[in-house]
Every structure is written in C-alpha cells, then in structure tokens.
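Working notes, structure below.
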Amino acid sequence: QQKVQQSPESLIVPEGGMASLNCTSSDRNVDYFWWYRQHSGKSPKMLMSIFSNGEKEEGRFTVHLNKASLHTSLHIRDSQPSDSALYLCAATPATSSGQKLVFGQGTILKVYL
Amino acid sequence: GGIITQTPKFLIGQEGQKLTLKCQQNFNHDTMYWYRQDSGKGLRLIYYSITENDLQKGDLSEGYDASREKKSSFSLTVTSAQKNEMAVFLCASSTLGVYAEQFFGPGTRLTVL
C-alpha cells in the first residue's frame with residue numbers, strides 16, 4: 001500500500017527563521033506532489049504543488065522535488081507566527097484510477113516570537 | 001470562487017447508531033471526496049465520486065456508506081458508530097482531472113459516547 005512519510009513530526013523555529021519540512025513517497029508511480037497547510041480548527045488549503053524536478057518558489061515558500069528519490073521538501077524563510085500550522089504533504093499516483101490523493105501524517109510547525 | 005458547506009458542524013452519537021453527514025458545494029465541481037482526520041493527523045480517504053453517477057471506495061471505506069445525490073451534494077453515513085470514536089470528517093471537491101486541486105469544507109466533528 002502506498003505510503004507518504006513526512007518528517008519531522010513537529011518543528012519549532014524562531015520568528016524570522018527557516019523551516020524545512022520533508023516528504024517521501026514509497027510508491028514509484030507517484031508523479032505529482034502537493035503541500036497543504038491547515039491552521040488549527042480550520043480546513044486544509046493548498047499551498048503549493050510540484051511535478052517537475054527542481055524547485056519552485058512563491059514568496060517566502062520554496063518547494064523542491066527529486067523525482068528519482070520521490071522526495072519533496074518545503075522551505076519557509078522568514079517564518080512568521082501566522083505560519084504555525086499542520087503542514088500536509090500529499091501525492092498523486094500517475095496510475096491512479098480516479099483522482100486519489102494520498103496524504104502523509106503531517107508536520108506541526110510552531111513559530112515563536 | 002465557491003464554498004463548501006458541511007452539516008452538522010458537530011455530531012454526537014451513541015454507540016451502534018447510524019449517523020449521516022452532509023456536504024454541499026457551489027463550485028460546480030464534478031468530483032467530491034470524504035476524508036477522515038484523527039486528531040492532528042493526516043487525512044484518510046473514505047469515499048469519492050468522480051462524477052454525479054459514480055462512487056468509489058477509498059482506503060477507509062469499511063464501516064461507511066456514501067451517496068452522491070446530485071452534482072452539488074455528497075453524503076456520508078457512519079453505519080454503526082463505534083464507542084470513543086472521535087474524528088473530524090472533511091468533505092472536498094475538485095474539477096475533473098487527476099491533477100486537480102482539491103478544496104476542503106470546514107469539517108464535521110464526530111463524538112461517539
């Protein structure tokens with residue numbers, strides 16, 4: 001069964017610091033990765049997605065993907081207290097019959113003043 | 001833009017009870033999903049419906065039934081609630097396509113006494 005593993009489980013960074021979150025799929029058929037952010041008591045919202053090798057930057061957020069190792073990472077620079085949330089990585093298998101997303105267990109990020 | 005509405009927001013049931021959760025979306029999306037999220041953890045797919053007359057089981061379908069009444073609505077039934085079960089059930093929708101972004105509703109929080 002496909003699994004998406006995220007690390008670390010939780011992360012604490014100071015305001016202004018860099019947060020780095022990791023995600024790896026054990027399914028070789030995965031070809032699209034998503035990062036969702038979920039603030040406490042709220043619903044998940046898509047942050048970024050990536051399917052090409054390399055990196056993609058949007059403001060303070062950068063996503064990397066290494067397709068050979070099926071590893072993606074999310075980096076948040078100049079972290080703000082409002083970035084404190086549960087970060088969920090999800091993967092879409094290329095052979096998916098339908099539109100299934102498989103989610104990891106998440107990384108809890110806390111940014112302190 | 002659009003919105004996803006889930007009812008009820010909180011649901012308290014008794015062990016063995018049959019419970020129904022409802023979801024409505026006005027995005028005019030073809031595909032709808034039901035996920036379960038245990039406290040602070042990742043999402044697990046219960047059922048999804050690619051188009052109005054379709055129904056697909058996810059990895060966690062045992063103990064649940066689903067019904068796509070019309071394009072805009074998707075219901076989930078807990079067939080026999082388990083004592084001490086506590087989770088948030090999230091409904092999502094997307095356009096057609098394997099790589100379509102999923103948009104989430106606010107969730108229904110279930111407590112079983």
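All heavy atoms count here, side chains included; hydrogens, waters and symmetry mates do not. First the proteins, then the strands, lettered A, B, ... as listed; each starts at 1.
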- Sole candidate of A:Leu74, A:Asp83, A:Ile12 that passes side chain to side chain contact (heavy atoms under 4.5 Å, CB included) when paired with A:Leu109: A:Asp83
- Query: Do you know which of B:Ser75, B:Cys23, B:Ser61 makes side chain to side chain contact (heavy atoms under 4.5 Å, CB included) with B:Trp34?
  - Reply: B:Cys23
Given a strict heavy-atom distance threshold of 4.5 Å, which part of [X] is in contact with chain A: side chain, backbone, both, or neither?
X: B:Leu43; result: both
X: B:Ser49; result: neither
X: B:Ile4; result: neither
X: B:Gln102; result: both

- Message: At a 4.5 Å cut-off on heavy atoms, which part of A:Gln6 comes close to chain B: side chain, backbone, both, or neither?
- Response: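 Neither part.
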- Check each atom of A:Tyr36 against the heavy atoms of chain B and say whether the ones under 4.5 Å are side chain, backbone, both or neither.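 The answer is the side chain of A:Tyr36.
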- Would you call the rings of A:His64 and A:His75 parallel, tilted or perpendicular if under 30° counts as parallel and over 60° as perpendicular?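 Ring orientation, 0 to 90° scale: perpendicular.
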- Any idea how A:Tyr32 and B:Tyr99 line up, ring-wise: parallel (<30°), tilted (30 to 60°), or perpendicular (>60°)? parallel
- So which of B:Asp38, B:Leu96, B:Asp54, B:Leu45 has the biggest tally of heavy-atom pairs under 4.5 Å with chain A? B:Leu96
- Between A:Pro44, A:Ser40, A:Gly106, the one whose heavy-atom pairs under 4.5 Å with chain B are most numerous: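 The option with the most such pairs is A:Pro44.
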- Task: Pick whichever of A:Glu9, A:Lys45, A:Gln38, A:Lys42 has the most heavy-atom pairs under 4.5 Å with chain B.
- Result: A:Gln38
- Query: Between the side chains of A:Thr92 and A:Trp34, does any donor sit under 3.5 Å from an acceptor?
  - Reply: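 Checked: A:Thr92/A:Trp34 side chains pair up, N/O donor to acceptor below 3.5 Å.
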- Task: Give a yes or no on whether A:Phe51 atom CZ has more than 12 heavy-atom contacts from other residues, nucleotides or ligands under 6.0 Å away.
- Result: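 Not buried by this count: 12 neighbours or fewer within 6.0 Å.
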- Message: Ring centres under 6.0 Å, that's the criterion: do A:Phe103 and B:Tyr35 meet it?
- Response: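 Yes, the ring centres sit under 6.0 Å apart.
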